A.B. asks: 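Take a look at the following structure, please.
Keep in mind that this is a model prediction, so the values were computed, not measured. Side-chain atoms are counted along with the backbone in the values below, which use heavy atoms only and exclude waters and symmetry mates.
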Amino acid sequence: FEEENTEVILLNADSEEILNKGELIEELDIKTHNASIIAYSAQIKSDPTYTVKIIELGAKFILNHPFVAEEVVAVVNKAFNFALKKRTYLDKIQGEQEARVLESKTYTIFSTKGGVGRTLFSVNLAIAIKKVTGLKVAVIDLNLQFGDVAIMMNIKPKRTLVDLIKEITQAGSTEIDMETFMSYYIEHESGVNVLSAPIRPEESELVHPEHIEAILKKSSEYFHYIVIDTPNYLSETMLNALIPSDKIIILLTMELPTIKNGKLMLELLQKLNIPKEKLVIIMNRFNPKAQYSIKDIEEMLECQIAAKIESEGLTVIPSVENGEPFMMSKPDSLISKKFTELAQIITGFQVTEEKAADKDKKDKKGKKEEKKK
């Protein structure tokens, strides 16, 4: 039979081979996962336990033997309709999974000045997206010389992006299997996966634009959302991350040099023909008493600011010092709620407070159970 197109299988359950080798039905069930298995036997009427045994072996429907025409027609129709429903359901699930992979989104966090909170922002945005969507989320640290994503998440990587590049170079990006590829990511307790920057600054010299292109392409086959942390300078390697991104999140603070450099960055992106709708400008460490108002800054930039994130030192500073993202340590803080809102805006997902609270309870319960084990 053609395994993929089989809808109904009729088996003689009086056969010694089937009874003594239950794996035969199991094998058929696996190979023809869309099909319904009907087992028929002459012993069903005389021995009720026989039916139980057949069902335990994997048959979905039972027929008495010798056959009664009406009964056969009824059972076969029922089995056929069940198989069609199962096929439709499996095709739907597969289609949704493929669609999610095809709709993989990449968000690159960039600023033209150091010390504005890029890494802190990247890490907590990734966790917020994970909490909001429940889908597969990654953080890739492309601050190749002095990346801090791992330390911000209290992760000690044994293998980094450079080690992955060596693997890709040896095997070829199209040849490396997903299991091997994913072994270079580290799963954080939040559920976010992290690809760490090189441990030593000089290793950054081993990273070339084509490597970044290959890593991002392969990552998009697995993750629904990819957040990229970057350094505060542009290079060909960084442009390979920026240009194809679905969103470029430009992080500013309210100091004049940062605003000036932000404007230069926007002009450069315009020259690279990057559409304005890809750009998301975030005002970090927003201070309403600053010299320039948001309206003033928007006029300077000739661009709208999408969101303002107020300073919250009592939450942020311990988060940085302890290597514990505030989305995990202080989920109810104002800044965590702001990041949740931002994740909802960027992804288009909406989570009610009630659902979020239920999810947090489940997450905490799961962690407690893991610790007990």
Side-chain angles (χ1 to χ4, degrees), residues 103-114 116-130 133 135-150 152-153 161 185 192-198 204 207-253 258 261-262 264-284 301 303 305-307 309 339 342-343 345-348:
E103 292 171 5
S104 177
K105 302 292 184 183
T106 301
Y107 305 142
T108 299
I109 318 302
F110 188 79
S111 73
T112 54
K113 186 176 178 296
V116 301
R118 272 188 324 276
T119 302
L120 188 72
F121 185 95
S122 300
V123 164
N124 285 282
L125 178 64
I127 294 172
I129 291 172
K130 178 68 179 177
T133 67
L135 299 177
K136 296 174 184 174
V137 181
V139 178
I140 299 177
D141 194 344
L142 287 190
N143 189 348
L144 300 174
Q145 290 186 329
F146 301 102
D148 285 330
V149 168
M152 286 279 190
M153 300 181 82
L161 182 142
Y185 276 90
V192 171
N193 283 266
V194 179
L195 183 58
S196 300
S204 64
V207 183
H208 302 298
E210 61 270 21
H211 296 143
I212 300 305
E213 185 179 352
I215 288 171
L216 291 178
K217 184 178 179 183
K218 192 75 175 180
S219 296
S220 69
E221 293 174 14
Y222 185 85
F223 294 105
H224 302 109
Y225 294 98
I226 301 166
V227 177
I228 301 176
D229 188 26
T230 62
N232 63 327
Y233 59 86
L234 280 176
S235 64
E236 189 179 353
T237 301
M238 289 306 108
L239 286 173
N240 262 40
L242 281 170
I243 292 173
S245 293
D246 295 280
K247 296 288 183 186
I248 299 172
I249 299 175
I250 299 176
L251 210 59
L252 300 178
T253 54
T258 310
N261 290 340
L264 292 174
M265 178 65 184
L266 291 172
E267 290 173 355
L268 175 60
L269 293 176
Q270 188 175 6
K271 288 178 183 177
L272 292 171
N273 295 318
I274 292 175
K276 265 194 173 183
E277 55 266 26
K278 272 192 174 188
L279 306 179
V280 180
I281 302 176
I282 305 292
M283 184 58 67
N284 199 24
L301 298 175
C303 201
I305 292 170
I309 299 176
F339 269 76
L342 187 58
I345 292 168
I346 292 173
T347 64

A.B. asks: Under the criterion side chain to side chain contact (heavy atoms under 4.5 Å, CB included), I'd like the reasoning laid out for Ile226 against Val137: C-alpha separation, chi angles, the key distance, then a yes or no.
C.D. replies: CA-CA 6 Å; Ile226 301 166; Val137 181; over 6 Å; no
A.B. asks: Between Pro209 and Asn240, which heavy-atom pair has the shortest distance, and what is it?
C.D. replies: O-ND2, 3.0 Å
A.B. asks: Roughly how far, to the nearest 0.5 Å, is CG of Leu135 from CD1 of Ile129?
C.D. replies: 10.5 Å
A.B. asks: Going through the distances and angles, do Leu242 and Leu234 end up as a side chain to side chain contact (heavy atoms under 4.5 Å, CB included)?
C.D. replies: CA-CA 10 Å; Leu242 281 170; Leu234 280 176; 3.4 Å; yes
A.B. asks: According to side-chain hydrogen bond (donor to acceptor under 3.5 Å, both in side chains), who are the partners of Thr106, at least two apart in sequence or on a separate chain?
C.D. replies: none
A.B. asks: State, with a plain yes or no, whether a side-chain heavy atom of Phe223 is found less than 4.5 Å away from one of Lys218.
C.D. replies: no
A.B. asks: Which value, rounded to the nearest 0.5 Å, describes the distance between Ser122 atom OG and Leu142 atom CG?
C.D. replies: 10.0 Å
A.B. asks: When rounded to the nearest 0.5 angstrom, what is the spacing between OH in Tyr222 and OG in Ser104?
C.D. replies: 12.0 Å
A.B. asks: For Tyr185, which residues count as a side-chain hydrogen bond (donor to acceptor under 3.5 Å, both in side chains) partner, sequence neighbours excluded?
C.D. replies: Ser219
A.B. asks: Please enumerate all residues that pass ring pair (Phe, Tyr, Trp, His ring centres under 6.0 Å) together with Phe110, with sequence neighbours excluded.
C.D. replies: none
A.B. asks: Does Lys136 offer a backbone N or O that forms a donor-acceptor pair with the side chain of His224 under 3.5 Å?
C.D. replies: yes
A.B. asks: Take Ile249 and Leu125 through the test side chain to side chain contact (heavy atoms under 4.5 Å, CB included) and record every step on the way to the result.
C.D. replies: CA-CA 11 Å; Ile249 299 175; Leu125 178 64; 3.8 Å; yes
A.B. asks: For side chain to side chain contact (heavy atoms under 4.5 Å, CB included), just list the numbers for Ile140 and Leu216, CA-CA rounded to whole Å, side-chain angles, deciding distance to a tenth of an Å, and then say yes or no.
C.D. replies: CA-CA 9 Å; Ile140 299 177; Leu216 291 178; 3.8 Å; yes
A.B. asks: Taking the side chain as every heavy atom from C-beta outward, state whether Thr112 and Asn232 have any pair of such atoms under 4.5 Å apart.
C.D. replies: no
A.B. asks: I want to check a possible cation-pi pair here: Lys130 against Tyr225, using under 6.0 Å from ring centre and within 45° of the ring axis as the test.
C.D. replies: no
A.B. asks: Name each donor-acceptor pair under 3.5 Å that joins a side chain in residues 264-271 to protein atoms two or more places apart or in another chain, with its distance.
C.D. replies:
none

A.B. asks: If you compare all heavy atoms of Gly262 against all heavy atoms of Leu301, which two are closest, and at what distance to 0.1 Å?
C.D. replies: C-CD2, 4.2 Å
A.B. asks: Out of Leu252, Leu251, Ile282, which one pairs with Val116 under the side-chain contact (heavy atoms from CB on, under 4.5 Å) rule?
C.D. replies: Leu251
A.B. asks: Measure the CD1-CZ distance between Ile109 and Arg118 for me, rounded to the nearest 0.5 Å.
C.D. replies: 10.0 Å
A.B. asks: Measure the shortest side-chain to side-chain distance between Asp141 and Phe146 over non-hydrogen atoms and say whether it is less than 4.5 angstrom.
C.D. replies: no
A.B. asks: Of the non-hydrogen atoms in Met238 and Tyr233, which two are nearest, and what is the gap between them?
C.D. replies: CG-O, 3.6 Å
A.B. asks: Can you check whether Val149 reaches Val123 side chain to side chain, under 4.5 Å on heavy atoms?
C.D. replies: yes
A.B. asks: Where the side chain of Lys105 meets the backbone of Lys247, is there a donor-acceptor pair that is under 3.5 Å apart?
C.D. replies: no
A.B. asks: Of all the heavy-atom pairs spanning Ile228 and Ala241, show the shortest one and how long it is.
C.D. replies: CD1-CB, 4.2 Å
A.B. asks: Considering all heavy atoms of both residues, which atom of Gly147 and which atom of Ala197 are nearest to each other, and what is their separation?
C.D. replies: CA-CB, 3.9 Å
A.B. asks: If we check side chain to side chain donor-acceptor pair (under 3.5 Å) with Thr119, which of these qualifies: Asn143, Asn124, Asp148, Asp229?
C.D. replies: Asp229
A.B. asks: Kindly compute the distance separating CG (Leu239) from OG1 (Thr230), expressed to the nearest 0.5 Å.
C.D. replies: 11.0 Å
A.B. asks: Go through the structure and list residues passing side-chain hydrogen bond (donor to acceptor under 3.5 Å, both in side chains) with Ser204, not counting sequence neighbours.
C.D. replies: none
A.B. asks: With sequence neighbours excluded, what pairs up with Thr108 under the side-chain hydrogen bond (donor to acceptor under 3.5 Å, both in side chains) test?
C.D. replies: Ser245
A.B. asks: Are Val194 and Met153 close enough that some pair of their side-chain heavy atoms sits under 4.5 Å apart?
C.D. replies: yes
A.B. asks: What's the separation between atom OG1 in Thr258 and atom NZ in Lys113, rounded to the nearest 0.5 Å?
C.D. replies: 4.5 Å
